[in-house]
Amino acid sequence: MEPPYTPTPPIIDLNPSPWWSWGVAIFLGVMVAFSALGALAIALIPYDYIATEYTWAEDPGEYPENGSQEEQDGWNESKESWDLQQLTQNLLFEMEDEVPMQLTLFGGVTLVGIAAMILLARQNPNGFNLAYVWLFLSTCSNIYSTIRYNSLMSDLDQFFPEESMSGTYQVAASIGGTLACNLTVLAVLITCAVNSQPKQLEESGFHLHHHSPPSQLQPPAKG
């Protein structure tokens, strides 16, 4: 007699796809590369050289109180150009002074991103925790840079008053865009982190109770 049929339980792979971690690692690698390029650009721009070499106005000297109206008007125009040049040079010198801080911010964010990328490439769950830290530091760095740049540029508002209000809107829009973009990235990170966890097999009656094979029919006793 053939043995009773025993159904083969389905094979369920509880291991998550490694691409939930590898995909985030690739994304971080791209972002770290762009961050490194930005830091390199900041480090290479010669703000102090530009401030000292590129000039377009000369000191107009004392105001010609006894001069003609044409001379006084000419002095006023020259003085305005001179003041704008001085403010621009001071702005460039201040931007040069900001370079170490900017490089420190870029360096910190980049190091955290590289550490998170390495852990995620190895499918280490702690890589997602570092990715959250990287995203937080990146957001703070971008907001600080935006506010600081606007603060430095505010001295020029007296020469371009029509741009001052639009500049405020641009800063608010930039910060809002940064927050919206990074919140989207956070949602993606959370989704990937959840799906990278091993799946838990739900208990059911089929798994709790093991069915024994039906007993074989005994042939009738011979009389």
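- Nearest heavy-atom pair across Y47 and I42 is CE1-O, 4.2 Å.
- Defined by atom type and a distance below 3.5 Å, a donor-acceptor pair is missing between the side-chain atoms of E94 and N90.
- Put simply, CE on M31 and CG on L135 are 9.5 Å apart, with the number rounded to the nearest 0.5 Å.
- The closest donor-acceptor contact from the side chain of Q89 to the backbone of T52 lies at 3.5 Å or more, if one exists at all.
- With sequence neighbours excluded, no residue forms a ring pair (Phe, Tyr, Trp, His ring centres under 6.0 Å) with Y132.
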Please test F27 against V185 for side chain to side chain contact (heavy atoms under 4.5 Å, CB included), starting from the C-alpha separation and ending with a verdict. CA-CA 10 Å; F27 169 76; V185 174; 4.0 Å; yes
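- In terms of heavy atoms, A57 sits closest to Q85 at N-OE1, 2.7 Å.
- Heavy atoms from other residues, nucleotides or ligands lying under 6.0 Å from CZ of F136 number 12 at most.
- Side-chain N or O atoms of N142 include one that pairs as donor or acceptor with a backbone N or O of S138 at under 3.5 Å.
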Report, one line per pair, each donor and acceptor closer than 3.5 Å where one atom sits in a side chain of residues 99-122; sequence neighbours left out.
unit_1	atom_1	unit_2	atom_2	d
Q102	OE1	S145	OG	3.2
T104	OG1	P100	O	2.8
T110	OG1	S35	OG	3.4
T110	OG1	F106	O	2.7

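- Residues E65 and Q72 come closest through the heavy atom pair O-NE2, 3.2 Å.
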Would you sort out whether L91 and L87 count as a side chain to side chain contact (heavy atoms under 4.5 Å, CB included), showing the intermediate values? CA-CA 6 Å; L91 172 62; L87 283 175; over 6 Å; no
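- For I26 against W19, the heavy-atom pair with the smallest separation is CD1-CZ3, 3.9 Å.
- For the atom pair CG of L92 and CG of D97, the computed distance is 11.0 Å after rounding to the nearest 0.5 Å.
- Judged as a ring pair (Phe, Tyr, Trp, His ring centres under 6.0 Å), and not counting sequence neighbours, the contacts of W75 are Y63.
- Rounding to the nearest 0.5 angstrom, the gap separating the OG1 atom in T88 from the CD1 atom in I50 is 11.5 Å.
- Side-chain contact check for F128 versus S21: some heavy-atom pair is nearer than 4.5 Å.
- Side chain of S151 to backbone of I147: no donor-acceptor contact under 3.5 angstrom is found.
- Identified under the side chain to side chain donor-acceptor pair (under 3.5 Å) test for residues 172-186, with sequence neighbours left out: T139-N182.
- Partners of E58 by side-chain contact (heavy atoms from CB on, under 4.5 Å), not counting sequence neighbours: none found.
- Closest of all the heavy-atom pairs between W20 and N195 is CE2-CB, 3.3 Å.
- For E96, the salt bridge (Lys or Arg N to Asp or Glu O under 4.0 Å) criterion is met by no residue, not counting sequence neighbours.
- Around the CG atom of N66, the shell of radius 6.0 Å holds no more than 12 heavy atoms that belong to other residues, nucleotides or ligands.
- Of the inter-residue distances, the one linking K79 atom NZ with D59 atom CG reads 8.0 Å to the nearest 0.5 angstrom.
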